[in-house]
Student: 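Have a look at this one.
In what follows, every chain begins at residue 1, and chains take the letters A, B, ... in the order their sequences are listed.
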Amino acid sequence: MILTICYLIGSVTFILGLKMLSNPATARKGNLVAAAGMTIAIIGTIFLYTDEAGNKLHNYGWIFGGIAIGAIIGTLAAKKVKMTAMPEMVSMFNGMGGACAALISVVEFNHLAFSVTPGWHTILYPPEMIGHVLIIILGLIIGSVSFAGSMIAWGKLNGSVKDFSFKGQHIVNILLLLVILGLAVYLVGWMPANSQLIFYVIFALSLLYGVFFVFPIGGADMPVVISLLNSFTGVAAACGGFLYDNKVMLTGGILVGAAGTLLTILMCKAMNRSLLNVLIGSFGGSAKTGGPAGAKQQGAYKEISLSDTAVVMSYANKVMIVPGYGLAVAQAQHACHELEKLLAEKGVEVKYAIHPVAGRMPGHMNVLLAEADVSYEKLLEMEHANEEFPTTDVVLILGANDVVNPAAKTDPASPIYGMPILDVELAKTVIVNKRSMKPGYAGIENDLFFRPKTSMLFGDAKKVLQDLIGEIKNL
Amino acid sequence: MILTICYLIGSVTFILGLKMLSNPATARKGNLVAAAGMTIAIIGTIFLYTDEAGNKLHNYGWIFGGIAIGAIIGTLAAKKVKMTAMPEMVSMFNGMGGACAALISVVEFNHLAFSVTPGWHTILYPPEMIGHVLIIILGLIIGSVSFAGSMIAWGKLNGSVKDFSFKGQHIVNILLLLVILGLAVYLVGWMPANSQLIFYVIFALSLLYGVFFVFPIGGADMPVVISLLNSFTGVAAACGGFLYDNKVMLTGGILVGAAGTLLTILMCKAMNRSLLNVLIGSFGGSAKTGGPAGAKQQGAYKEISLSDTAVVMSYANKVMIVPGYGLAVAQAQHACHELEKLLAEKGVEVKYAIHPVAGRMPGHMNVLLAEADVSYEKLLEMEHANEEFPTTDVVLILGANDVVNPAAKTDPASPIYGMPILDVELAKTVIVNKRSMKPGYAGIENDLFFRPKTSMLFGDAKKVLQDLIGEIKNL
Amino acid sequence: MESFLNWITANQQIIYIVILMIFVGIEVIGHVPSVLHTPLMSGANAIHGVVIIGAIIVMGKAEHDNYLALILGFLAVVLGTLNVVGGFVVTDRMLEMFKKKKPPQTPPKEGL
Amino acid sequence: MESFLNWITANQQIIYIVILMIFVGIEVIGHVPSVLHTPLMSGANAIHGVVIIGAIIVMGKAEHDNYLALILGFLAVVLGTLNVVGGFVVTDRMLEMFKKKKPPQTPPKEGL
Ligand SMILES: NC(=O)c1ccc[n+]([C@@H]2O[C@H](COP(=O)([O-])OP(=O)(O)OC[C@H]3O[C@@H](n4cnc5c(N)ncnc54)[C@H](OP(=O)(O)O)[C@@H]3O)[C@@H](O)[C@H]2O)c1
Ligand SMILES: NC(=O)c1ccc[n+]([C@@H]2O[C@H](COP(=O)([O-])OP(=O)(O)OC[C@H]3O[C@@H](n4cnc5c(N)ncnc54)[C@H](OP(=O)(O)O)[C@@H]3O)[C@@H](O)[C@H]2O)c1
């Protein structure tokens with residue numbers, strides 16, 4: 001059938017698309033290739049699918065209605081979202097996929113289960129369907145966990161859900177998981193009379209597990225968690241592929257499952273951490289950032305006034321701006337770009353030093369500054385920036401902390417030890433803007449702030465930048 | 001069945017093995033992993049295979065006899081062969097695989113074809129077997145081409161077959177291929193009464209095509225051709241996989257078919273050529289090397305005497321040896337190592353500069369010098385060597401030519417333009433040993449020989465090196 | 001054990017497909033530069049939206065009086081479409097921001 | 001055309017396996033350094049020796065009076081074994097010569 005060929009094309013485009021997505025030069029085209037394959041697979045399914053008995057699909061009204069609604073909302077949401085809120089958006093869409101997989105499982109289970117008496121009791125399915133039931137339940141569990149987890153991750157990223165954990169939570173989580181699996185085995189293996197009840201209990205517990213799984217993980221680790229949940233949803237989609245013996249769902253799902261898992265590991269590596277470390281949250285939970293770290297080594301630091309900063313920067317030959325998470329939080333990217341233009345007018349050479357894991361998602365700084373129309377040529381990757389620091393007069397650090405922490409190079413006991421950092425100390429002067437002496441994501445003290453070359457410029461990044469622009473204009 | 005799992009293990013080990021083979025650190029283990037998987041698949045087949053009717057295999061005597069003979073001969077041949085003759089050996093083994101695939105096709109075709117009257121006539125096979133017949137014939141054609149081609153390549157490499165081509169040979173080849181395909185289509189589609197005759201005609205023509213395919217290609221291009229035939233044999237093995245619905249044959253064959261094709265392309269790239277260029281032999285055919293090139297630019301060159309060479313080298317601080325194809329031809333690797341040790345005793349620092357495509361197969365120089373026990377630390381890769389030439393006193397070029405030809409950098413019209421070369425001219429003195437002023441593999445003049453820094457030391461590499469050692473000892 | 005072996009034999013092709021797909025998935029993104037992690041995640045997210053095909057099948061097979069199936073199926077179609085469409089659009093927007101990128105630092109890959 | 005489509009549908013799993021295997025084959029060796037080309041070629045050569053399994057099946061099924069099948073099958077087994085055993089041994093010998101190699105210049109690959 002032609003549908004087989006549609007599905008084959010779909011599978012191949014998914015692979016090619018993903019391949020192209022992993023190379024900067026072809027990434028955008030890769031996304032379109034995958035989207036084209038998806039379109040072919042969807043249209044093919046709608047018009048060409050026939051069940052074993054040769055019947056075509058019906059309910060076209062419902063199908064097209066659903067697709068239209070989804071497409072419109074999806075497009076609007078994706079187009080409207082602020083650049084910096086994109087990880088939330090991805091998490092949200094991922095949750096939708098997980099929910100979709102779970103709903104499919106619910107409907108298919110109800111097809112197999114015949115209610116003889118009203119209520120939850122006396123549900124039976126033909127014994128030869130055992131494989132089917134197993135896959136349905138797997139899809140249910142994985143899809144629900146992915147859905148609930150993604151929603152919590154989404155909430156954490158947009159600030160509506162706070163980090164939350166209690167003592168022994170990991171043990172509770174493991175127990176919960178064991179209960180879910182136990183129930184699933186009981187349901188599949190023993191086909192009890194109250195199957196349907198157990199099924200919905202599994203559903204509910206899976207949702208709960210998804211919530212509990214993500215709750216204790218620090219909000220800043222959400223990109224890693226989203227990537228992991230992403231690969232879960234892939235596996236849930238693959239379950240659907242098994243269920244309907246549908247190759248494009250199977251291959252697409254497994255592809256994402258495998259690639260997503262590896263990507264999760266790669267993301268952890270870029271932050272110099274292990275996946276386990278992220279999941280059990282040995283650091284990064286905001287509960288800890290305030291704690292002991294702040295007290296460790298309160299040496300003396302210098303402050304610098306706004307007007308002095310304005311003078312120093314205006315008369316420099318070369319200024320390097322190091323953006324970090326704080327710049328994103330303060331939404332100060334536009335003010336930053338304005339400062340850059342102002343200085344450039346005055347003949348100062350201004351560039352940005354971009355650390356690969358500055359911010360809270362890979363490429364965060366690129367995305368942030370691109371939003372403010374900073375030209376790509378001004379963004380230096382870490383290696384290049386480190387080469388240019390020795391000839392730099394002033395380094396202005398805007399809400400970055402860990403990515404300039406020398407402990408990564410000098411202190412083997414530090415949790416970030418071994419992570420490559422921006423060597424801002426090679427420059428003549430370092431000015432650090434943040435709101436307080438509080439540590440950053442990794443929750444550790446930063447010795448840089450106490451070094452002789454460094455001066456602190458306290459305040460919210462956006463406000464400070466705006467004031468600074470005013471000062472420079474008045475010079 | 002357990003056999004399925006054996007095959008699954010086989011397929012996975014093949015992939016893992018190939019993956020590991022492509023990384024220097026794990027290559028050797030990768031080979032063993034693949035070999036282990038192969039053993040499991042073979043033993044599993046012998047003891048666990050059952051046909052559709054559930055019958056086990058018989059003729060165990062023949063099977064084990066064949067395996068024993070093959071294993072003994074194979075091991076001995078592989079162990080005995082000289083390092084430098086390894087490409088021939090690979091070609092030979094590849095040919096065996098191709099022949100094996102072709103023989104399987106012959107037997108299977110005879111199973112399908114019932115001889116009603118004696119002679120070639122009146123052969124019929126059940127019409128529903130058309131897919132089978134197609135695959136059998138594909139396996140026959142590809143296997144035969146691979147076998148015959150590999151044998152010619154083998155002969156060329158060990159010198160028993162000379163390069164040979166006639167005008168219009170490419171057209172003859174294409175016609176031959178068309179005839180073969182035409183006959184195959186006729187046989188499969190029309191099932192003529194004289195099927196068996198046509199089958200053997202196809203067999204014979206395929207062998208002929210294999211011979212004609214490789215004949216015109218320059219002997220020096222044989223590694224590329226062998227890699228290509230290697231991937232052919234992979235496809236032939238995959239045909240067997242289709243035929244017996246055997247997954248390990250199918251996946252193993254396709255894996256080699258795909259990887260071999262890519263490898264062929266990569267090999268061509270390393271020589272800065274296209275595959276097509278190699279196959280139609282636009283240069284490299286020895287017929288051309290003598291031709292116009294020799295006459296182009298016969299400037300003046302300097303010669304240097306053995307005794308002068310001995311003095312210059314003994315009193316140098318740092319000597320760099322550039323080995324090339326000529327060293328391999330002269331089998332002068334041991335003499336070369338001896339010279340190196342002698343100079344080292346005299347306090348001279350001696351290293352080797354290894355160009356990636358020096359010689360006639362990738363890694364040729366590494367293999368050659370390893371055979372003479374030169375320590376790996378002394379071999380510099382091209383980039384490192386180029387960094388060290390500026391501090392080098394004497395460069396001794398032993399039978400290398402193209403890999404030090406400055407035309408690759410300066411002359412866009414040259415066939416090797418763009419290939420990275422060893423920048424020997426950065427050193428103080430360059431001494432070139434070869435037998436004449438004749439060009440090398442690419443058949444082009446080498447301007448280096450006429451440069452002021454360069455002196456020629458004519459003679460067979462082995463003889464020259466032995467004499468040089470004598471001279472140095474007598475100093 | 002016996003039934004497990006039978007299951008493997010019966011489904012061997014599917015098992016091969018799954019295993020090979022895992023290899024492909026891992027190999028294909030093995031060399032992604034870290035700046036592309038977020039768009040790649042987002043693109044992969046859109047691809048698993050292929051689960052919508054299951055939703056369409058559920059929906060299209062639902063009998064006219066099976067309101068549970070109709071409603072849940074409809075919801076599944078909407079959610080699946082959200083995943084697919086939103087996923088691809090958001091990825092495209094992210095990648096749009098890299099458009100001013102100079103020719104890639106990584107050499108173009110061979111193969112594919 | 002019709003029969004082609006039917007054939008594709010009937011063999012879709014095999015087609016998937018073949019296509020995925022092609023991707024795997026290409027991806028897996030995409031980053032091989034040129035000094036390993038020869039051993040890799042040789043290792044791949046040994047792997048396609050898996051054709052010997054076909055030879056064993058031919059041989060093991062041959063009737064006792066079918067001399068053509070017996071003789072050709074026997075020959076095929078011998079040749080196939082040569083390919084397998086010789087291939088792996090020769091590859092191992094080649095790679096043995098790289099053993100003195102310092103830790104790899106290429107960073108260890110992620111995944112696999
Ligand atoms: N990029 C990724 O993929 C990713 C993902 C997850 C985690 N991470 C981790 O995130 C960290 C990134 O380092 P980073 O240097 O960018 O950030 P950071 O180490 O988290 O430091 C951010 C700093 O910004 C300051 N800040 C917060 N709000 C501010 C505001 N409104 N105005 C001015 N300053 C403000 C904070 O100090 P005050 O509170 O004193 O103002 C804080 O010290 C790394 O540890 C990395 O491993 C990265
Ligand atoms: N490595 C690979 O994978 C591979 C594969 C195929 C082709 N190639 C090609 O092969 C070439 C390799 O370059 P190369 O510099 O090593 O070799 P080359 O350019 O072929 O030069 C070899 C030189 O050695 C001399 N020679 C021959 N026999 C000799 C002997 N007994 N004693 C002393 N000298 C002798 C020859 O000159 P006389 O005749 O004057 O002595 C010849 O000029 C490149 O063009 C490369 O693209 C490489």
Student: Enter the distance from C:Tyr16:OH to D:Gln13:CD here, rounded to the nearest 0.5 Å.
Tutor: 13.0 Å
Student: What part of C:Ile14 lies closer than 4.5 angstrom to a heavy atom of chain D: side chain, backbone, both or neither?
Tutor: both
Student: I need the minimum non-hydrogen distance between D:Ile17 and C:Ile17, along with the two atoms involved.
Tutor: CG1-CG1, 3.7 Å
Student: Check whether any side-chain heavy atom of D:Val24 sits under 4.5 Å from a side-chain heavy atom of C:Glu27, and report yes or no.
Tutor: no
Student: Sort and list the pairs that fulfil side-chain hydrogen bond (donor to acceptor under 3.5 Å, both in side chains) and have at least one residue in residues 68-83 of chain D, not counting sequence neighbours.
Tutor: D:His48-D:Asn83
